[in-house]
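Read the structure below first, then the notes.
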Amino acid sequence: MPPLLETRGLGKDYGSLCALAGLDLEVEEGEIFGLLGPNGAGKTTAISMMCGVVTPSRGTARVDGLDVARQPLSARRLIGLVPQDLALYEELSAVQNLGFFGGLYGLHGAQLSGRIDWALELAGLRERSREPVARYSGGMKRRLNLVAGLLHRPRLVILDEPTVGVDPQSRNHIFATIRALCTEHGMTVLYTSHYMEEVELLCRRVGILDRGALIACSTVDDLVARHGGDEVVVRKANLESVFLALTGHRLRDEA
Amino acid sequence: MIGAAIRKEIQLVLRDRGTLISLFVMPLVFMGVLGSMFTGRQEKHAPRPIAVHLEPGSTRAAAAVRAIEQSGLFRAREEASAERVRRAVAAEEVVAGIVFPPDFDPLAGRPGELVIDTAAPPEVRGPIEGALGGLVARSLAGVELPPVLVAKSPPGIKPAVAEASPFQLYVPGSSVLFGFFLALTVGISFVHERRSGTFRRLLAAPVRRPLVLVAKLVPYYLVGLAQMAFLFGLGVVAFGMEVGGSPLALAVLTGAVVFAAVSLGLFIASFGGTERQVGAIGSVCLLVMGLLGGCMVPRAIMPASMQKFGLFTPHAWALDGYYDVLVRAGTGLTDIALPVAAVAAFGLAFALVGALRFDFER
């Protein structure tokens, strides 16, 4: 079966700065794929090109065979982006936010109402759905941010650090939602996070980006076996030790 | 998609008290204050008091005072001495005074003394000096002279409506000034959308990029039309402003003005920056444009060079058009074709440059 998401030599330059050199990646239909990398590694740039927000300097990104740059409208219909920022209108209620984002994908009338009900249920926000989002807690906003990208039932969901700043309850709720997206709705998830344990928990396969290049891509078990180093002997190696072994221990402050 | 965008932006505007106040309340305050200031000065043509002193038995001076009284422009307030006249003017009890010498005879080289603040601006001093001089000169003829000049508009220029009030200047002045402040609201809305990340969601949706801009601008165009309809409506109902010309011409001109304001918002947004930068720099630019364009001080009383300079702003063209539609009886759409075209051209230029400069991926 061909991969749902496929990038070939996908790269982006900002002037003389190479943000992403040339990414070759394949994400299979129905899987939760983890994309890791330190700050400034090129994760957000890669995601932005995959969903058509940023135009690539070179290479291609295809979703279900559709070139995101050449067939942007058809390709974007298949993608649901959940940005790292809380991309919501805080003055509006959850229902109003979802109504607008659903409208962007051509949903209206009874279909839109049904999808809004479904999304509110999924986010656990039904009871406070008419309140302005500004009154929500951080976890509630994160859950709404997540479901706002799912209204049109995309085949590929791109989650850019969806659990930043949330409490364990909301994080668990988000995890359960992501698993349900795959198992119950057949969606494919590309998941980025700084939290290694999250990726280890959710994803079978992981790609590690560093300095604009994909330096490792395999199953979590394979990466731990190959790059866990001495920690395998001392204590059970995990994805974090692999990540640090591959990307180094120095601080990464570049944007 | 446009429908969803209109609904969303209008919901946001309705929840933003600051925007509502700046778009709907501030112009009212401005037009109320400015219009009332100048209405108060006219007091519906009440004669202005003038202090006069004349010696008993001076027939020429008495005739001059009679002529001043009969003009309906001034009311002569007789003072006991020349010194009292000068003190009254110095104390600003009256705007001017006349001291007639005992042997008042201008033809023999013995003129009266016009007591007036010679440092007053020419536009204040000139009409008073001219009117009083003319009245006194006519009184010297000794007979009732027929009118020597009759005012008539030249062909192609429509006459004024009978009761043109200062509000006919200051309602459009304030409406245009604050109507263009919509550009700030639009510019800040783009910046806010980028900062909050919602713009990424818009770009990730299956919508063409030009349509993203249109979907942001159309709702504000409707808000702008509502704002202008509210302000002009209130001008008519609350301030008694008359519309001397065609309502269609007024509507078309207003449509062009709002188009230019919204396009200016896109132009501002194309420069990027933070909300604070856009708010601070944009409001100063809009105030200067409004000042040059005659929103606060009519261009007609500006020096000729400033009047021409003002034409580099859409405000000036808009106010020229509004002046004709509101003040000149029977003005139709064709009569204001030039101002409408000029304002629309500004709008088109702002929109084109804004759209070309707009960096979606910033």
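Order of the sequence lines fixes the chain letters, A, B, ..., with proteins taken first and strands second; residue numbering starts at 1 for each chain.
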Open item on the list: Does A/His185, at its NE2 atom, have more than 12 non-hydrogen atoms belonging to other residues, nucleotides or ligands within less than 6.0 Å?
Closed with: yes
TODO: Inspect the surroundings of CZ in B/Arg209 and state if more than 12 heavy atoms from other residues, nucleotides or ligands are less than 6.0 Å away.
DONE: yes
TODO: Starting at CD of A/Gln96, measure out to CZ of B/Arg15 and round the result to the nearest 0.5 Å.
DONE: 5.0 Å
Open item on the list: Is there a side-chain contact between A/Asn97 and B/Gln11 in this structure, where contact means two heavy atoms from C-beta onward sitting under 4.5 Å apart?
Closed with: no
Open item on the list: When you compare the side chain of B/Arg201 with that of A/Asn145, does any pair of heavy atoms fall below 4.5 Å?
Closed with: yes
- [ ] Locate the shortest heavy-atom distance separating A/Arg76 from B/Val207; write the atom from each residue and the value.
- [x] NH1-O, 3.1 Å
Task: Between CG on residue B/Leu12 and CG on residue A/Leu92, distance to nearest 0.5 Å - done: 4.5 Å
Task: Working for side chain to side chain contact (heavy atoms under 4.5 Å, CB included), residues B/Phe360 and A/Val54 - done: CA-CA 8 Å; B/Phe360 287 89; A/Val54 169; over 6 Å; no
- [ ] Evaluate the criterion side chain to side chain contact (heavy atoms under 4.5 Å, CB included) for residue pair B/Lys8 and A/Leu104; output intermediate values, then yes/no.
- [x] CA-CA 11 Å; B/Lys8 181 261 289 181; A/Leu104 288 180; over 6 Å; no
Task: Partner chain B: residue of A/Pro83, A/Ala75, A/Cys51 with the largest heavy-atom pair count (under 4.5 Å) - done: A/Pro83
Task: Contact origin within A/Ser74 toward chain B - heavy atom pairs under 4.5 Å - done: neither
Open item on the list: As a quick check of understanding, evaluate side chain to side chain contact (heavy atoms under 4.5 Å, CB included) for B/Ser196 and A/Glu90, giving each step before the final call.
Closed with: CA-CA 9 Å; B/Ser196 69; A/Glu90 297 234 334; over 6 Å; no
TODO: With a 4.5 angstrom heavy-atom cut-off, could you sort out which part of B/Ala215 is near chain A: side chain, backbone, both or neither?
DONE: neither
Open item on the list: Once rounded to the nearest 0.5 Å, what's the spacing between atom CZ of B/Arg208 and atom CG of A/Leu73?
Closed with: 4.5 Å
TODO: State the OH-CD distance between A/Tyr14 and B/Glu361, to the nearest 0.5 angstrom.
DONE: 7.0 Å
Task: side chain to side chain contact (heavy atoms under 4.5 Å, CB included) between A/Phe100 and B/Leu202, intermediate numbers included - done: CA-CA 10 Å; A/Phe100 171 64; B/Leu202 293 178; 3.5 Å; yes
Task: When B/Gly197, B/Ala5, B/Ala205, B/Gly3 are compared by non-hydrogen pairs under 4.5 Å with chain A, the top option - done: B/Ala205
